[in-house]
Amino acid sequence: MAQLDKLIDKLKESQEIIIESGKTPMLQSDAGMKAMLNQQLATPQIIALLQEIAPMSNKVLLAQKKQTRFEYSYGGKTVVILYSSQGENVTAKIAIPVYEEEVPADDPAVAAAPAAAPAAAASGGDPEVNALLRKMFQMGASDLHLTSNHKPLIRLHGDMQELGDNAIIPPARMQTLLSAIMPPHNVAQFEETHDTDFAHEIAGLARFRVNIFMDRFGMGAVFRQIPMEIVTAEKLGLSKEVLDLCFLSKGLVLVTGPTGSGKSTTLCGLVDFINRHRKDHIITIEDPIEFVHPRKNCLINQREVHVHTKSFANALRAALREDPDIVLVGEMRDLETISIAIETAETGHLVFGTLHTTTAASTVDRIIDQYPADRQPQIRTMLASSLKGVISQTLCKKNGGGRVAALEVLFVNSAVSNLIREGKIYQIPSVMQTAKNQGMTLLNESLFKYVVDKVVAPEEAYIKAIDKQGFLTLLKGRGITVNLTGLGD
């Protein structure tokens, strides 16, 4: 229910609601003017109230304080909203339209307004796209893909599958579907960059990480399902050595892997484990917030980039003044964020972060290579003392359906620390091979175990392997053959 619905519910024919900056909303009728609230509204409040019920294209005009007009339906009642501004002050007039009276064609408010969205999309009720999300959830899919001029597709057990019983979605209808769920700040961001990310929730069902984009067909979107139930570390099957990282008092722990490899789920399990076994203050910085953590033994403050803070770097700087014990950085995208994360780890905090790298050694290389050549010796020294562990993962299709994460796990002991300090990153895999008793695992070893246990097909494991020749050697040693027909290196 939109906040303005309470006022619109009181509106009758021949009456008008007038909302002006710095004044209380008024109801104008034949009997005169009557205050509807005991609160004066500032310009940003009025814009936010209107953006909650406006079609997407009108939301942009509202934010820009440009004159516009749109219709809105609530409780079987349709109203017309006329919005105008003068300097920093804005005025909104809401009335039930009288269609017998023609509006002049040269009215600038009409000329500036796009066609009104269908009532189902603008009514403030259940957005139409939720029906597709429910269908995706019931089928057990991980992602819903919407592309203009295409039928909806889902990703089921790693494979793309068309929803054949759904119609092709034209660009205009796609805009209506997606605009109904976009928060105001994401509307403005999309208009500027043609890309935006946010979280969408269907109460009692699931949360979804949403990316809306523009391509040659028009608007499109990808919805990634985030289960409402927190995934525990025990359910993920994380080893004792990995869970021991949760009891560190300081240091940097990285969870890495390609997009869609389950990094967020693993981090969720680690944060939940800390929440159950420590009594500390956790700050998470995410874009967007995915898993929502209830308070158990820890106080958890979850901040969303572009909503609660300007950037990862800004939030990380602020975190140092917010008395945290543990900080989670949803994505270490740039040099500034990486630098502050390492400094935070060095100053007595436990920092968890993610990178889009595929192996533990390449993760260390990626961090060092972010820095100019003259600063790399210094950062190697800092990283050698602050980095405590790297969990690199990739998702594999399971035999019989579903997916499972293959992990490469690095713990930074004295030998690894020395290699990082001396710039001999290429020797890290050799140390990992000889330190299996400490819980270290190479990706090939994890994949090989899944093949031997018949959890994953040899061909699937080969596709996901980074060192493919080494993996084939492992398989050959056990007499396992791989049908490489159609597979490339």
Side-chain angles (χ1 to χ4, degrees), residues 2-3 42-66 68 70 83 85 88 90 112-114 117 121-122 124 127-130 133 143-148 169 171-201 207-224 226 259-260 264 284-290 292 302-318 329-334 336-337 354 356:
Q3 294 185 62
T43 295
Q45 290 175 301
I46 296 172
I47 293 173
L49 288 171
L50 295 174
Q51 285 181 324
E52 191 177 10
I53 64 173
M56 185 178 67
S57 49
N58 294 88
K59 291 179 182 181
V60 177
L61 295 172
L62 290 167
Q64 295 172 345
K65 297 189 179 69
K66 292 183 179 179
T68 188
F70 60 92
Y83 171 83
S85 64
E88 290 300 310
V90 300
E128 194 177 348
V129 75
N130 281 6
L133 293 172
D143 300 82
L144 170 68
H145 290 252
L146 300 179
T147 300
S148 295
I169 305 176
R173 181 162 178 264
M174 183 69 74
Q175 180 174 334
T176 299
L177 281 175
L178 300 180
S179 65
I181 63 168
M182 289 175 71
H185 76 274
N186 291 96
V187 173
Q189 185 182 50
F190 181 78
E191 289 293 326
E192 182 181 348
T193 65
H194 286 174
D195 287 286
T196 190
D197 298 281
F198 58 93
H200 175 64
E201 181 175 346
R207 283 169 59 82
F208 301 87
R209 185 180 70 202
V210 188
N211 173 266
I212 295 181
F213 59 89
M214 185 72 76
D215 71 358
R216 66 191 182 93
F217 299 107
M219 286 181 73
V222 179
F223 295 78
R224 164 67 53 82
I226 307 164
T259 301
S264 298
T284 76
I285 308 163
E286 304 170 72
D287 183 21
I289 292 172
E290 298 187 13
V292 177
Q302 294 185 257
R303 306 188 68 194
E304 184 168 322
V305 176
H306 306 305
V307 177
H308 309 126
T309 182
K310 184 179 179 182
S311 66
F312 283 103
N314 279 22
L316 259 175
R317 281 196 206 91
V329 188
E331 197 170 330
M332 293 166 62
R333 294 175 175 170
D334 51 50
E336 185 180 18
T337 303
T354 69
H356 289 93

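Quick note: numbers below take in every heavy atom, side chains included, and nothing from hydrogens, waters or symmetry partners.
Partners of Glu52 by side-chain contact (heavy atoms from CB on, under 4.5 Å), not counting sequence neighbours, listed by chain and number: Ala2, Gln3. Evaluation of the ring-ring contact (aromatic ring centres under 6.0 Å, His included) rule for Phe217 yields His150 as partners, not counting sequence neighbours. With sequence neighbours left out, the side chain to side chain donor-acceptor pair (under 3.5 Å) criterion links Glu304 to no other residue. Annotation: ring-ring contact (aromatic ring centres under 6.0 Å, His included) contacts of Phe190 (sequence neighbours excluded): His194. Judged as a side-chain contact (heavy atoms from CB on, under 4.5 Å), and not counting sequence neighbours, the contacts of Ala63 are Gln51. Partners of His200 under the side chain to side chain donor-acceptor pair (under 3.5 Å) rule, at least two apart in sequence or in another chain, are Asn130. Listed by chain and number, the residues in a side chain to side chain donor-acceptor pair (under 3.5 Å) with Thr337 are Asp334 (sequence neighbours excluded). Scanning for side-chain contact (heavy atoms from CB on, under 4.5 Å) contacts around Thr309 gives Arg303, Val305, Asn314, Ala315, with sequence neighbours left out. Contacts of Ser148 classified as side chain to side chain donor-acceptor pair (under 3.5 Å), with partners at least two apart in sequence or in another chain: none. Partners of Thr193 by side-chain contact (heavy atoms from CB on, under 4.5 Å), not counting sequence neighbours, listed by chain and number: Gln189, Asp195. Residues meeting the salt bridge (Lys or Arg N to Asp or Glu O under 4.0 Å) test with Asp287, sequence neighbours left out: Arg333.
The CG atom of Asn211 sits 10.0 Å away from atom CZ of Phe223, with the distance rounded to the nearest 0.5 Å. Taking OG1 of Thr176 as the start and CZ of Arg173 as the end, the distance is 8.5 Å to the nearest 0.5 Å. Taken to the nearest 0.5 Å, the CG atom of Leu50 stands 12.0 Å off from the CD atom of Gln45. Separating the CZ atom in Phe208 from the CG atom in Leu133 is a distance of 4.5 Å, to the nearest 0.5 Å. Interatomic distance, Ile46 CD1 to Ser85 OG, rounded to the nearest 0.5 Å: 11.5 Å. Here Thr43 contributes atom OG1 and Glu88 contributes atom CD; the two are 6.5 Å apart, rounded to the nearest 0.5 Å.
By the 4.5 Å heavy-atom criterion applied to side chains, Ser264 and Arg224 are not counted as neighbours. Looking at heavy atoms from C-beta onward, Tyr83 lies in side-chain contact with Lys65 at the 4.5 angstrom threshold. Considering only heavy atoms from C-beta on, Phe198 comes within 4.5 Å of Ile181 through its side chain. The closest side-chain heavy-atom distance from His356 to Glu331 is below 4.5 Å. Looking only at side-chain heavy atoms (C-beta outward), Val129 and Leu146 come within less than 4.5 Å of each other.
Annotation for His306 and His185: closest pair O-CD2, 3.6 Å, computed over non-hydrogen atoms. Residues Ala54 and Lys59 come closest through the heavy atom pair O-CE, 2.8 Å. Contact detail for Met219 and Met214: the closest heavy-atom pair is N-SD, 3.6 Å. Residues Ile285 and Leu316 approach most closely at CD1-N, 3.7 Å, considering heavy atoms. Of all non-hydrogen atoms in Met182 and Ile212, the two that sit nearest each other are CG-CD1, 3.5 Å.
Among pairs with a residue in residues 174-189, none fulfils salt bridge (Lys or Arg N to Asp or Glu O under 4.0 Å), at least two apart in sequence or across chains.
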> Between Val210 and Asn186, does a side chain to side chain contact (heavy atoms under 4.5 Å, CB included) hold up when you go through it step by step?
Replying inline: CA-CA 11 Å; Val210 188; Asn186 291 96; over 6 Å; no

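Between the Thr354 side chain and the Gly330 main chain, a donor and an acceptor come within less than 3.5 Å of each other.
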